[in-house]
Amino acid sequence: MNMQTKEHIRCRIALPVIIAAALTVAALSTGSTVFLAGALLVWMLLLTGFLGVWWASRTLTVTSLLTDTTVQRGEDVALEIGVQYSGVIPIAPPSVEITAGPDRPAQTLKLTGMPGREQRLTLHFHAAHVGVTSPGVKRVVITDLLGMFTVEKAPKVQGGELIVLPLPFDVGALTYAAGDSGSESMARAAEDVTSPSDVRAYQQGDAMKRIHWKLSMRKQELMVRHFEAPVMPDALVLLDCSKPPKTNDDNAQLDLRDALLETAASVMQQNIQTDHPAKLPIHGDHPIELDRGMGLPVISEALARVDFSAPDKFDRMLQLEMRRMRKVGCTVVISARLNSRMVDVMTAMRRMGPTMRLYLITFDPDDPAKLPLISKLQSAGIEVCYVTPIRL
C-alpha cells in the first residue's frame, strides 16, 4: 500500500551560522586563510547537510502491507514495511515510527542508512482488542549527520484497515415468554379450524378436519382451509453503546469494550442456531440495526466498528426501546453499568411480557453497591449473568 506524506521541517542551525558568520568576518577583516578555510568548511557542512536531507526526503517512498486484514481478537498479525530513498550525500540512518494499535505505544526502528535500496521491516503484534485500526508508519525522521536539519514525514495510509473481530463464547439458550415459544404457537394454529387465513382446493394428504364442507358443497369440489404459520417471537438484544465506565487503567476500559462486543456476538451466534428472529440495534454516530439474517460474519464486523459514541444515557435508550416490548418474546440487555434507573426500566419491560436477561460486564461481581440492584432485578423475574473481561 502506497502512502502520501505530510512534511514537517526542523532546523538547528543557529550556532553553526553564527560560527560561520564570525569566521567569515574574521577572514575578511584579517585576511587570514585559516579563518577563511574554517568559514568555508562550516558553510559547506550546512549546505551538504541541507542538500542530503532534502534529497532523501524528496525521494522517500514508504509501503505497508498487513498479512491479514481481518482477524479475531487474540490472533497475531504481521505488518511488512518497505522504505526506500536516494542520495549521494551521507545522512544519519533514518528512523521509522510505527503504530500497531490503541493499546500499544508507537515503536521506533532505525534503518541502516543505505540509500538506493529498499529496506524492509516486519513488525509482529498481537490483536489484543476488538475494533478497527490502521497499523502502519506514523512518521519517518530524516536528519543529517550533525543533526542540523531534520525532516519528519508523516505518511497518510490509503486504506489497509485492520478489523479485529469479537471472539464469541458459549452462552445459555434464550428463554421466551410463556406461550410464545413459536413451535407451540404453530401447533395450535394447525389445530385451530376456526381461524383460517385462506381456502384452496383439496390435495391428496390433506386432513379431513380441514375440509370446508359448506364451501365445498357450493363449489361442487372439495375445498380445504389454509392456515399461515405464526411468526416466531423475536429476541431483542440491547447493547450499551455509550462509553464504558472510566477506570484507572486505560487498557481495562478497552477490556470492558471487548467484553461488551463479544457478549453481543455470542448472544447473536446462539440465536442464529434457533428459528427465532433477533435484532440488535446499534446507537451512536453511525446507527444501524443488525438482524440475525445478516449472518455472523457481517454481524461481527459491524460490532467491531462500534465506536461507543452513543450520546444518551443507556437507561434513556432502554426506555425508548420499551415500545417494542409487546412484539418480542425475549429481551437481552448487555451493559457494563447498572443503576437504579436502569433497574426500574428493565423491571417495567419485564412486566410488559417478554423474558429478560441482563449480562453485566464487570471486574467485580461481588460489588456491594450493586447487590441490592441485582436482588431487585431477580425479584422481578429477570435473569442476571456476569461476564468478566478477559485479556488475551
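Heavy atoms only: backbone and side chains are in, while hydrogens, waters and symmetry mates are out.
Residue Lys246 comes nearest to Gln253 through the heavy atom pair CA-NE2, 3.9 Å, listed as atom of the first residue, atom of the second, then distance. The two residues Pro244 and Leu260 come nearest to each other via the heavy atoms CG-CD1, 4.1 Å. When all heavy atoms of Asp255 and Pro389 are compared, the closest pair comes out as O-CB, 3.6 Å. The shortest heavy-atom contact between Val164 and Gln72 is CG1-C, 4.1 Å. Minimum heavy-atom separation, Ala20 to Ala39: O-CB, 4.0 Å. For the pair Ala26 and Phe35, the tightest heavy-atom approach, listed with the atom from each and the gap, is CB-CD1, 3.5 Å.
A donor-acceptor distance shorter than 3.5 angstrom exists from the side chain of Glu262 to the backbone of Leu167, with no hydrogens or angles considered. Proximity of a side-chain donor or acceptor of His283 to a complementary backbone N or O of Phe314 within less than 3.5 Å is not detected. Of the possible polar contacts, one joining the Ser216 side chain to the His212 backbone as a donor-acceptor pair under 3.5 Å is found. Side chain of Ser309 to main chain of Gly284: no donor-acceptor pair is present (N/O by atom type, distance under 3.5 Å, no hydrogens or angles). For Ser300 (side chain) and Pro297 (main-chain N/O), no donor-acceptor pair under 3.5 Å exists by modelled atom type. A side-chain donor-acceptor contact under 3.5 Å links Asp258 to the backbone of Val130.
With a 4.5 Å cut-off on side-chain heavy atoms, Arg257 and His129 do not count as touching. You'll find the side chain of Val83 stays beyond 4.5 Å of the side chain of Val137, heavy atoms only. With contacts defined as side-chain heavy-atom distances shorter than 4.5 Å, the pair Lys279/Arg324 qualifies. The closest side-chain heavy-atom distance from Cys330 to Arg357 is not below 4.5 Å. Here the side chains of Asp234 and Lys327 are not in contact, with every heavy-atom distance at 4.5 Å or above. At a threshold of 4.5 Å between non-hydrogen side-chain atoms, the residues Leu290 and Val237 do not count as touching. Between Val88 and Trp55 the shortest side-chain heavy-atom distance falls below 4.5 Å. Annotation: side chain of Thr331 is not in contact with side chain of Glu321 (no heavy-atom distance under 4.5 Å).
Between the side chains of Asp364 and Thr362, no donor N or O sits under 3.5 Å from an acceptor N or O.
Other residues, nucleotides and ligands contribute more than 12 heavy atoms inside 6.0 Å of the CG atom of Asp285. The neighbour count for Arg12 CZ, taken as heavy atoms of other residues, nucleotides or ligands under 6.0 Å away, does not exceed 12. Open room surrounds CZ on Arg316; 12 or fewer heavy atoms of other groups in view lie less than 6.0 Å from it. Shown here is Arg351, whose CZ atom has no more than 12 heavy atoms of other residues, nucleotides or ligands within 6.0 Å. Within 6.0 Å of CE on Met44 lie no more than 12 heavy atoms contributed by other residues, nucleotides or ligands. By the neighbour-count criterion of 12 heavy atoms within 6.0 Å, atom CZ of Arg391 is densely surrounded, having more than that number from other residues, nucleotides or ligands.
Interatomic distance, Arg350 CZ to Thr355 OG1, rounded to the nearest 0.5 Å: 6.5 Å. With rounding to the nearest 0.5 Å, the separation of CE in Met349 from CG in Leu236 is 7.5 Å. Rounded to the nearest 0.5 angstrom, Phe149 CZ and Ile91 CD1 are separated by 13.5 Å. The OG atom of Ser95 sits 8.5 Å away from atom CD of Glu152, with the distance rounded to the nearest 0.5 Å. For the atom pair CG of Leu162 and CG of Leu79, the computed distance is 9.5 Å after rounding to the nearest 0.5 Å. Leu296 contributes atom CG, which lies 5.5 Å from atom CD of Gln269 (distance to the nearest 0.5 angstrom).
Hydrophobic clustering (side-chain heavy atoms under 4.5 Å, transitive across Ile, Leu, Val, Met, Phe, Trp, Tyr) groups Ile142 together with Leu111. Under the 4.5 Å side-chain heavy-atom criterion for Ile, Leu, Val, Met, Phe, Trp and Tyr, Trp54 and Leu46 are members of the same hydrophobic cluster. At a threshold of 4.5 Å between side-chain heavy atoms, the hydrophobic network of Ile, Leu, Val, Met, Phe, Trp and Tyr places Leu165 and Val71 in two separate groups. Linking Ile, Leu, Val, Met, Phe, Trp and Tyr whenever their side-chain heavy atoms come within less than 4.5 Å leaves Leu320 and Ile282 in two separate clusters. When the side chains of ILVMFWY residues are joined at heavy-atom separations under 4.5 Å, either directly or via intervening members, Ile334 and Phe363 end up in a single hydrophobic cluster.
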Verdict with supporting geometry, Leu373 and Ser340, side chain to side chain contact (heavy atoms under 4.5 Å, CB included): CA-CA 7 Å; Leu373 301 176; Ser340 58; 4.3 Å; yes
Trace of the side chain to side chain contact (heavy atoms under 4.5 Å, CB included) decision for Val141 with Glu97: CA-CA 8 Å; Val141 180; Glu97 190 173 325; 5.7 Å; no
Val267 and Tyr359: CA distance, side-chain angles, deciding distance, side chain to side chain contact (heavy atoms under 4.5 Å, CB included) verdict: CA-CA 10 Å; Val267 173; Tyr359 283 100; 3.7 Å; yes
Intermediate values then yes/no, side chain to side chain contact (heavy atoms under 4.5 Å, CB included), Ser242 and Met317: CA-CA 10 Å; Ser242 57; Met317 193 274 281; over 6 Å; no
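A salt bridge links Asp344 with Lys376: the distance from a Lys NZ or Arg NE/NH1/NH2 to an Asp or Glu carboxylate oxygen falls below 4.0 Å.
The aromatic rings of His276 and Tyr176 lie parallel to each other, their planes meeting at an angle below 30°, with 60° marking the opposite boundary.
Residue pairs that meet the side-chain hydrogen bond (donor to acceptor under 3.5 Å, both in side chains) test with at least one member in residues 20-34, sequence neighbours left out, are Thr24-Trp43.
For the side-chain hydrogen bond (donor to acceptor under 3.5 Å, both in side chains) test with Ser335, the passing option among Asp240, Asp315, Thr263 is Asp240; the others fail.
Here Leu36 sits in one hydrophobic cluster together with Leu40; the rule is ILVMFWY side chains under 4.5 Å apart, joined directly or through other members.
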